[in-house]
Amino acid sequence: MNRKMLSLNIGTTLAGLALALAPLAPAAAARLGNATVMNAATGVSLQVQSLNKTMSDGKSVLFWIFCPGGGGMGGGCNISGPTLELGTGQQLNVTLNMMMAPQENPPYQGHTIHWHGLDVLQSEDGVPETGASVLGDNYSFSIDSRYVGSHMYHCHVHTVKHLEMGMYAPLVVKAVDNAGNFLDVINNGGPAYDYEWNLMYSSVDPAYHTAVGDSTVFADYNPKYFLINGNEGRNSTAPAETVTAAPGKKVAIRLFGVQSVNTRFEIKNASGTSQSFTVHNKDGYKLPSTQTLTRLDLSPGQTADVMVTLPSTSGSWYPQVTFKSLRNGAAYANGTTYTRLNF
């Protein structure tokens with residue numbers, strides 16, 4: 001073998017060895033559900049658009065929602081808006097484009113993005129009373145590993161009205177490896193999962209959607225519709241969302257409570273028996289110790305991250321939310337919203 005061929009063979013062998021030893025990007029957990037998911041570090045543009053939704057009683061309700069910029073109706077415009085993901089230490093890069101956005105009259109005109117649950121600079125916090133622009137803005141910040149978990153973002157102009165109109169969506173902060181790849185762990189240093197599923201629940205008082213200015217209707221909240229991921233799901237045979245995972249796998253279920261009443265989260269099997277789940281995070285923070293429960297109450301504005309391990313044999317579970325009055329804790333009539341998890 002001549003020297004040139006020997007050099008080539010050695011070089012090829014070393015290159016192959018380096019490739020074999022190179023760290024591989026971790027396999028991503030499968031996302032369940034129909035939500036649009038966007039990486040907030042790569043440059044995201046959001047617009048505000050109107051959406052009319054026909055409810056279970058045949059009546060139409062007008063919503064305002066965050067949509068991917070340039071997506072148009074049907075291009076990721078849903079109740080709620082697109083899920084944003086951000087790795088710890090990464091720079092969020094989000095623009096709110098106000099072109100053709102539906103809005104109220106002064107002094108409540110315009111929209112912002114408030115990063116609910118995150119401690120960010122005042123200039124990035126989206127609060128008009130402290131100087132945030134309501135005519136469109138760019139948002140940029142980074143956060144550390146304390147925040148790995150579920151948060152949310154929403155408009156902070158005339159907050160009560162605009163939340164009710166539908167201007168909210170999930171924000172998920174993820175741990176990352178040395179190469180910046182997202183890690184599918186429930187919190188920093190926490191256990192891994194095979195699937196993740198976001199459940200954002202909200203309540204709807206249609207009177208709010210036609211109220212103007214400082215309407216007295218805001219003092220008397222009377223929800224008529226109860227949603228998970230923008231759908232009613234009034235019974236287990238017509239759930240708000242149906243997803244499918246593999247038997248025996250671990251599922252992270254992220255709960256986002258943007259409703260204006262109290263709620264109780266449960267998981268039941270096909271026979272109606274409650275299934276236990278483990279709570280790892282509350283309001284985007286890791287708990288000092290996990291909690292294993294069969295029901296979890298969330299107040300308005302709270303989030304939680306829970307995990308379940310599915311049975312090894314196929315079947316269906318029904319994660320569900322019961323909406324309860326803030327006044328007396330009583331469940332609303334027709335106030336339980338169902339989803340379905342097949343495996």
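- Using modelled atom types, one side-chain atom of D194 and one backbone atom of K250 make a donor-acceptor pair closer than 3.5 Å.
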May I have the list of side-chain donor-acceptor pairs in residues 92-99 shorter than 3.5 Å, sequence neighbours left out?
| residue | atom | partner | partner atom | Å |
| --- | --- | --- | --- | --- |
| T95 | OG1 | N138 | OD1 | 2.8 |
| N97 | OD1 | M99 | N | 2.9 |

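- With contacts defined as side-chain heavy-atom distances shorter than 4.5 Å, the pair E104/Q109 does not qualify.
- A donor-acceptor distance shorter than 3.5 angstrom exists from the side chain of D184 to the backbone of A29, with no hydrogens or angles considered.
- Contact detail for G87 and V176: the closest heavy-atom pair is CA-CG1, 3.6 Å.
- Listed for the N269 side chain is a donor-acceptor partner under 3.5 Å among the backbone atoms of S271.
- Side-chain atoms of N222 and D205 include no donor-acceptor pair closer than 3.5 Å.
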Given D297 and R264, is the salt bridge (charged side-chain N to carboxylate O under 4.0 Å, His left out) satisfied, shown in steps? CA-CA 4 Å; D297 290 336; R264 182 179 66 235; 5.4 Å; no
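- In this structure, the side chain of T339 engages the main chain of P319 through a donor-acceptor pair within 3.5 Å.
- For H154 and H116, the distance between ring centers is under 6.0 angstrom.
- W197 and L341 get closest at one heavy-atom pair: CZ3-CB, 3.9 Å.
- Remark: aromatic rings of W64 and H162 are close, center separation under 6.0 Å.
- In this structure, NE2 on H158 lies 13.0 Å from OG1 on T112, to the nearest 0.5 angstrom.
- Side-chain atoms of T336 and T322 include a donor-acceptor pair closer than 3.5 Å.
- Linking ILVMFWY side-chain heavy atoms closer than 4.5 Å, directly or via other members, places Y318 and F265 in two distinct hydrophobic clusters.
- Proximity of a side-chain donor or acceptor of H209 to a complementary backbone N or O of V61 within less than 3.5 Å is not detected.
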Please assess Y139 against V120 for the test side-chain contact (heavy atoms from CB on, under 4.5 Å), listing each intermediate value before the final yes or no. CA-CA 10 Å; Y139 299 88; V120 300; over 6 Å; no
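- The environment of CG in N178 is sparse: at most 12 heavy-atom neighbours from other residues, nucleotides or ligands sit within 6.0 Å.
- The closest side-chain donor-acceptor pair between Y208 and S260, if any, does not fall under 3.5 angstrom.
- Ring geometry for Y201 versus F323: interplanar angle over 60°, hence perpendicular rather than tilted (30 to 60°).
- The distance from the CE atom of M307 to the OG1 atom of T292 is 11.5 Å, given to the nearest 0.5 Å.
- Within 6.0 Å of the CG atom in D119, the count of heavy atoms belonging to other residues, nucleotides or ligands does not exceed 12.
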Candidate pair Y221 and E164, rule side chain to side chain donor-acceptor pair (under 3.5 Å), full reasoning: CA-CA 11 Å; Y221 190 69; E164 173 70 24; 2.9 Å; yes
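- Within the 4.5 Å cutoff, the side chain of D137 has no heavy atoms near those of the I113 side chain.
- There is no side-chain donor-acceptor pair under 3.5 Å between K268 and S274.
- Annotation: the span from H114 atom NE2 to Y153 atom OH amounts to 14.0 Å, rounded to 0.5 Å.
- Of all the heavy atoms in A41 and Q90, the pair that sits closest is CB-OE1, 3.9 Å.
- Remark: S50 OG to M165 CE distance equals 7.0 Å, nearest 0.5 Å.
- For the pair Q259/L227, no side-chain contact is recorded, criterion being any heavy-atom separation below 4.5 Å from C-beta on.
- Y338 and F277 fall into different hydrophobic clusters, where Ile, Leu, Val, Met, Phe, Trp and Tyr are joined by side-chain heavy atoms under 4.5 Å apart, directly or via other members.
- E266 CD to T294 OG1: the interatomic distance, rounded to the nearest 0.5 Å, is 7.0 Å.
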Derivation and outcome, side-chain contact (heavy atoms from CB on, under 4.5 Å), residues L296 and V306: CA-CA 10 Å; L296 174 64; V306 310; 4.2 Å; yes
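- Using a 4.5 Å heavy-atom threshold, the side chains of V279 and L293 count as touching.
- Crowding of K249 atom NZ: a count of heavy atoms from other residues, nucleotides or ligands under 6.0 Å not exceeding 12.
- With hydrogens and angles ignored, the 3.5 Å screen pairs no side-chain donor or acceptor of K224 with any backbone N or O of V204.
- Residue Q122 places its CD atom among 12 or fewer non-hydrogen atoms of other residues, nucleotides or ligands, all under 6.0 Å distant.
- Remark: the N229 side chain and the N231 side chain contain no N/O donor-acceptor pair separated by less than 3.5 Å.
- Side chains of D144 and T88: no donor on one and acceptor on the other come within 3.5 Å.
- Residues N39 and E85 are not in side-chain contact: their nearest non-hydrogen atoms beyond the backbone lie 4.5 Å or more apart.
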Is there a side chain to side chain donor-acceptor pair (under 3.5 Å) between D57 and Y225 once you walk through the steps? CA-CA 10 Å; D57 57 4; Y225 312 110; 2.7 Å; yes
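- Defined by atom type and a distance below 3.5 Å, a donor-acceptor pair is missing between the side-chain atoms of Q103 and H111.
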Show, in sequence, the C-alpha distance, side-chain angles and deciding distance for S145 and Y147, and conclude whether the side-chain contact (heavy atoms from CB on, under 4.5 Å) test is met. CA-CA 5 Å; S145 60; Y147 296 98; over 6 Å; no
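- Across Y108 and V157, no two heavy atoms sit closer than the pair O-CG1, 3.4 Å.
- The side-chain heavy atoms of K53 and I79, taken from C-beta on, include a pair separated by under 4.5 Å.
- Of all the heavy atoms in Y195 and T244, the pair that sits closest is CE2-O, 4.4 Å.
- With rounding to the nearest 0.5 Å, the separation of CG in N334 from OG in S56 is 8.0 Å.
- When atom types are taken as modelled, the side chain of E232 and the backbone of F226 share no donor-acceptor pair closer than 3.5 angstrom.
- No side-chain donor-acceptor contact under 3.5 Å links N78 to the backbone of G81.
- The cluster map of Ile, Leu, Val, Met, Phe, Trp and Tyr, joined by side-chain heavy atoms under 4.5 Å apart, puts L32 and Y193 in different clusters.
- Judged purely by atom type and a 3.5 angstrom limit, D283 uses its side chain to pair as donor or acceptor with the backbone of T303.
- N34 places a side-chain heavy atom less than 4.5 Å from the side chain of E241.
- No side-chain heavy atom of T130 sits under 4.5 Å from any side-chain heavy atom of D125.
- Of all heavy-atom pairs between P170 and S80, the closest is CD-OG, 3.6 Å.
- When ring centroids are compared, F66 and Y168 stay outside the 6.0 Å threshold.
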Kindly determine whether E196 and R254 satisfy salt bridge (charged side-chain N to carboxylate O under 4.0 Å, His left out), including the steps that lead there. CA-CA 7 Å; E196 57 184 320; R254 304 182 186 278; 3.3 Å; yes
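- Between the side chain of S215 and the backbone N or O of V212 there is no donor-acceptor pair closer than 3.5 Å.
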Criterion side-chain contact (heavy atoms from CB on, under 4.5 Å) on Q91 and S140, from CA distance to verdict: CA-CA 6 Å; Q91 197 76 16; S140 181; 2.9 Å; yes
